[in-house]
Amino acid sequence: MKAFVVYCHPSEDSFTRHVRDSFIKGVVDSGNEYELSDLYKMNFQTDMTEKEYLRDSNYRTTPGLAEDVLAEQRKINSSDAIVFIYPVFWTDVPAKLKGWFDRVWTYGFAYGEKSMKLLQKGLVLCTTGHTKSELKKYKLLESMEKVMLGDRLFKKVHDAEFIVFDGMTKACDLREKNWNKNLETAYQKGKNLFAPRS
Ligand SMILES: Cc1cc2nc3c(=O)[nH]c(=O)nc-3n(C[C@H](O)[C@H](O)[C@H](O)COP(=O)(O)O)c2cc1C
């Protein structure tokens, strides 16, 4: 089985990149494969072009998608799971990952007459500065989950899961306190990615 990992963080000096490494170690230790798109390292183009906009907004399936978009779509269709790993910026994915959705989730692939494979698993591993109780208080946690699972992954995966590693900003004591526990969770999520969920 293969996991396609879409990773988005501007710095290797981050907790999120340890989540990436622990998760991938879990996938490998379970005898499964992975493919990584590290969006900053790839310098993935964020902005939709006018040509891309006109194609999607007119519900056209005309060919001529950009090669970087087709490459991402091929990675998806050759995988069994898709995993998003990122820090939450302004209650959403970083702009670079938002741009990935804008450009890769094209008409005829992710919506309309879809050619996107129905994947076995969709997993979101995100890190936040706020604690879950703070995010819940203002209903931000459910907004973040709803957008990722109820829209971006909706009907694209059999089983969807949203995990938040909270209180992980450098200003929060929980960062150090929960560091190892959180990375163990990320590792186990990788190791059990294809196991049935209890
Ligand atoms: C531009 C920016 C926006 C952020 N917005 C949020 C936010 O809306 N909610 C939140 O809980 N944390 C927010 N954070 C905090 C990051 O999510 C947090 O610093 C990160 O998860 C810590 O992990 P890291 O070491 O991998 O960066 C923001 C951080 C930055 C730099």
Side-chain angles (χ1 to χ4, degrees), residues 3-30 34-48 72 75 79 81-105 121-154 157 160-193:
F4 175 38
V5 180
V6 183
Y7 169 75
C8 185
H9 195 295
S11 173
E12 284 288 286
D13 180 13
S14 66
F15 170 69
T16 309
R17 78 102 163 155
H18 289 279
V19 172
R20 176 199 68 199
D21 294 347
S22 298
F23 175 80
I24 286 174
K25 185 170 186 328
V27 171
V28 172
D29 286 356
S30 69
Y34 77 93
E35 184 159 23
L36 176 68
S37 277
D38 181 335
L39 301 188
Y40 277 95
K41 208 169 258 177
M42 292 157 69
N43 196 19
F44 189 79
Q45 183 192 317
T46 304
D47 294 340
M48 182 174 238
E72 295 303 291
K75 290 176 200 171
S79 299
I82 189 160
V83 183
F84 295 97
I85 303 177
Y86 59 88
V88 167
F89 286 175
W90 296 108
T91 318
D92 201 350
V93 297
K96 205 162 195 57
L97 179 52
K98 175 60 169 61
W100 184 94
F101 281 111
D102 289 352
R103 295 189 62 240
V104 176
W105 258 207
K121 178 95 195 190
L123 173 65
V124 176
L125 298 175
C126 63
T127 65
T128 64
H130 292 305
T131 61
K132 277 185 205 160
S133 61
E134 287 164 342
L135 294 168
K136 277 184 193 162
K137 188 171 164 191
Y138 299 105
K139 299 198 178 349
L140 298 174
L141 190 62
E142 63 187 77
S143 303
M144 285 159 27
E145 179 167 340
K146 190 75 188 166
V147 170
M148 285 304 284
L149 303 192
D151 180 27
R152 292 170 187 157
L153 286 177
F154 186 61
V157 297
E161 192 178 4
F162 187 81
I163 306 278
V164 177
F165 297 112
D166 64 328
M168 292 310 287
T169 181
K170 284 172 180 150
C172 186
D173 292 345
L174 292 174
R175 182 176 167 102
E176 291 308 316
K177 187 168 169 255
N178 292 334
W179 186 278
N180 291 337
K181 186 182 78 164
N182 284 341
L183 293 184
E184 176 61 20
T185 301
Y187 173 77
Q188 291 299 336
K189 287 291 163 194
K191 206 165 175 196
N192 297 307
L193 185 67

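Start at 1 and go down the list; that is how both ligands and their atoms are numbered. Starting from 1, each residue takes its place in the sequence as its number.
- Regarding atom 15 (C) of ligand 1, its nearest protein heavy-atom neighbour is Gly129 N, 3.7 Å.
- Ring geometry, Phe4 versus Trp100: the interplanar angle falls from 30° to 60°, so the pair is classed tilted.
- Counting heavy atoms closer than 4.0 Å to ligand 1, residue Arg17 contributes nothing at all.
- Here is the list of ligand 1 atoms found below 4.0 Å of a heavy atom in His130: 9 (N), 10 (C), 11 (O).
- Considering only heavy atoms from C-beta on, His130 stays 4.5 Å or farther from Lys136 through its side chain.
- Those atoms of ligand 1 that come under 4.0 Å of a heavy atom in Met168, given as number and element, are 22 (C), 23 (O).
- For ligand 1 and Thr91, the ligand atoms under 4.0 Å from any heavy atom of the residue are 7 (C), 8 (O).
- Atoms of ligand 1 lying under 4.0 Å from at least one heavy atom of Thr127, given by number and element, are 17 (O), 20 (C), 21 (O), 23 (O).
- Classified by interplanar angle (parallel below 30°, tilted 30° to 60°, perpendicular above 60°), the ring pair Phe84/Phe101 is tilted.
- Counting the atoms of ligand 1 from 1 in the order shown, those under 4.0 Å from a heavy atom of Ser14 are 24 (P), 25 (O), 26 (O).
- Interface atoms of ligand 1 facing Phe15, defined by a heavy-atom separation under 4.0 Å, are 24 (P), 25 (O), 26 (O).
- If you look at Arg175 next to ligand 1, the close heavy atoms, those under 4.0 Å, all belong to the side chain.
- Every atom of ligand 1 with a heavy atom of Thr16 under 4.0 Å away is listed here by number and element: 23 (O), 24 (P), 26 (O).
- Taking the side chain as every heavy atom from C-beta outward, Tyr86 and Leu39 never approach each other to under 4.5 Å.
- Shortest contact from atom 28 (C) of ligand 1 to any protein heavy atom: Val88 O, 3.4 Å.
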